[in-house]
Amino acid sequence: MKRLFLAIDEFLRPAERLCGSRDRVGNIEIHEFPDGESSLRIFDDPRDREVVVVAPLHRPNRLLVPLLLLGEELRLRGAKRLIFVAPYLPYMRQDAEFHPGEIVSARALGHLLSKCWDAVYTVDPHLHRIHDLAEVFTVPTTVVAAAPAIGRWISNHVERPILIGPDEESEQWVRSVAAGLDCPWLVLRKNRRGDHDVEVEVPDAFSAQGRTAVFIDDIISTGHTLIEARQELQKRDVNASIAVAIHGVFADGARERLEEAGFQRIVTSNTIPNETSEIDALAELARCFET
Ligand code: R5P
């Protein structure tokens with residue numbers, strides 16, 4: 001079956017990265033009306049094709065409804081198979097009813113996307129209380145790991161690292177990068193009291209002697225997790241000023257906040273393209289579409 005890649009403007013380059021030189025990437029034009037409704041336009045004929053839509057979802061609410069409309073319409077226009085590629089999959093952190101009545105967004109979004117698309121590809125979704133995307137998606141999902149690419153970056157840029165996860169949830173990534181680098185690692189404990197209010201605790205036995213401390217987390221959103229973690233380490237005379245994350249969401253001026261807090265190097269992968277995207281996590285995703 002012939003394949004057609006489609007992407008909206010701001011994601012054309014990442015989509016080209018995934019499709020390689022085999023094909024061009026078709027443009028999805030989105031116009032937002034004054035009342036917030038969207039009008040979509042595609043210029044390629046999806047009939048009898050496998051259509052791969054590559055979408056940036058770090059500001060998810062702006063695009064989720066348009067993408068559902070798109071999936072529906074592609075099917076009506078005769079697409080045979082619909083593949084959704086979200087290098088950053090949002091809403092996965094709301095993976096439980098933390099307060100009575102809260103919607104488990106990870107489950108709801110998984111079910112919703114499964115109604116529209118035949119398969120979903122992503123890089124390191126935030127899986128914690130949900131262990132596998134198959135628990136929330138009813139269509140096949142493919143997860144690509146950024147750990148090897150992160151490991152390569154650290155090994156090229158940091159001497160004698162010790163990897164620090166700012167909370168228990170980061171352990172899976174820290175452990176896996178550390179295994180590849182054969183270096184020590186440790187995770188801190190976090191208590192989140194609100195969007196901008198977190199408390200981080202360092203275990204008593206912590207020592208980073210002779211090592212360069214590098215934080216690793218999956219997502220930087222407001223930056224408060226890393227800022228608190230850095231401050232706690234400073235109290236132990238450890239200067240941890242390198243932050244590495246897979247998904248640089250950077251909400252609300254987070255980058256500036258991290259810099260002001262003393263981070264000298266902030267590095268993320270290219271699942272969300274921005275100035276900090278030094279780690280190539282899309283290469284592995286591209287391999288999924290080589291055949
Ligand atoms: C949640 O546990 C994630 O792994 C990140 O630690 C979290 O999303 C970071 O958020 P923020 O940058 O807003 O503290």
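Heavy atoms only: backbone and side chains are in, while hydrogens, waters and symmetry mates are out.
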Q | Stepwise side chain to side chain contact (heavy atoms under 4.5 Å, CB included) check, Val144 with Asp124 | A | CA-CA 6 Å; Val144 160; Asp124 282 312; over 6 Å; no

Less than 4.5 Å apart, any side-chain heavy atom of [X] and any of [Y]?
| X | Y | answer |
| --- | --- | --- |
| Ser269 | Ile150 | no |
| Leu188 | Leu186 | yes |
| Thr268 | Val244 | no |
| Arg49 | Arg3 | no |
| Val85 | Leu18 | yes |
| Glu171 | Trp185 | yes |
| Ile154 | Leu163 | yes |
| Val139 | Asp118 | no |

For [X] and [Y], work out which heavy atoms get closest and say how close.
| X | Y | answer |
| --- | --- | --- |
| Leu285 | Pro87 | CD2-CG, 4.2 Å |
| Trp117 | Leu70 | CH2-CD2, 4.5 Å |
| Pro90 | Leu109 | O-CD2, 3.6 Å |
| Ala281 | Val123 | CB-CG1, 4.2 Å |

In terms of side-chain geometry, is the basic nitrogen of [X] or [Y] positioned less than 4.0 Å from the acidic oxygen of its partner?
| X | Y | answer |
| --- | --- | --- |
| Glu275 | Arg255 | yes |
| Glu73 | Arg77 | yes |
| Lys80 | Asp48 | yes |
| Glu10 | Arg62 | yes |
| Arg265 | Glu259 | no |
| Arg287 | Glu284 | yes |
| Glu260 | Arg257 | no |

Side-chain donor/acceptor of [X] to backbone N/O of [Y], under 3.5 Å:
| X | Y | answer |
| --- | --- | --- |
| Asp95 | Ala106 | no |
| Thr222 | Ala251 | no |
| Asp252 | Ala254 | no |
| Arg230 | Ala240 | yes |
| Arg107 | Phe137 | no |
| Asn191 | Glu199 | no |
| Thr141 | Leu133 | no |
| Glu228 | Thr225 | no |
| Glu37 | Ser39 | no |
| Asn274 | Gly248 | yes |

(Q) Below 30° counts as parallel, above 60° as perpendicular, anything between as tilted: where do the rings of His157 and Trp153 land? (A) parallel

Does [X] have more than 12 heavy atoms from other residues, nucleotides or ligands lying within 6.0 Å of its [atom1]?
| X | atom1 | value |
| --- | --- | --- |
| Arg236 | CZ | yes |
| Asp182 | CG | no |
| Ile103 | CD1 | no |

Reported [atom1]-to-[atom2] distance for the pair [X] and [Y], which is rounded to 0.5 angstrom:
| X | Y | atom1 | atom2 | value |
| --- | --- | --- | --- | --- |
| Ile246 | Ile220 | CD1 | CD1 | 10.5 Å |
| Asp44 | Leu74 | CG | CG | 10.0 Å |
| Asn239 | Leu233 | CG | CG | 9.5 Å |

Q. So, Arg41 versus Asn27: side-chain donor-acceptor pair below 3.5 Å or not?
A. no

Q. Does a side chain donor of either Trp173 or Asp217 reach within less than 3.5 Å of an acceptor in the other side chain?
A. no

With the 4.5 Å side-chain cut-off for hydrophobic clustering, are [X] and [Y] part of the same group?
| X | Y | value |
| --- | --- | --- |
| Val53 | Leu112 | yes |
| Phe98 | Val104 | no |
| Leu89 | Leu64 | yes |

Q: Before giving the answer on side chain to side chain contact (heavy atoms under 4.5 Å, CB included), spell out for Ile28 and Asp9 the whole-Å C-alpha distance, their side-chain angles and the decisive distance to 0.1 Å.
A: CA-CA 7 Å; Ile28 305 168; Asp9 278 350; over 6 Å; no

Q: If a pair satisfies ring pair (Phe, Tyr, Trp, His ring centres under 6.0 Å) and one of its residues is in residues 221-256, list it, with sequence neighbours excluded.
A: Tyr88-His247, His196-His224

Give every donor-acceptor pair under 3.5 Å between a side-chain atom in residues 207-214 and any protein atom, sequence neighbours left out.
from	atom 1	to	atom 2	distance (Å)
Ser207	OG	Gln209	N	3.4
Arg211	NH1	Pro161	O	3.2
Thr212	OG1	Glu159	O	3.1

Q.
Evaluate Leu82 against Cys116 for side chain to side chain contact (heavy atoms under 4.5 Å, CB included), listing each step before the verdict.
A. CA-CA 8 Å; Leu82 296 181; Cys116 226; over 6 Å; no

(Q) Checking Val52 against Phe289 for the side chain to side chain contact (heavy atoms under 4.5 Å, CB included) test, could you report, in this order, the C-alpha distance in whole Å, the side-chain angles of both residues, the deciding distance, and whether it holds? (A) CA-CA 10 Å; Val52 181; Phe289 297 97; 4.1 Å; yes

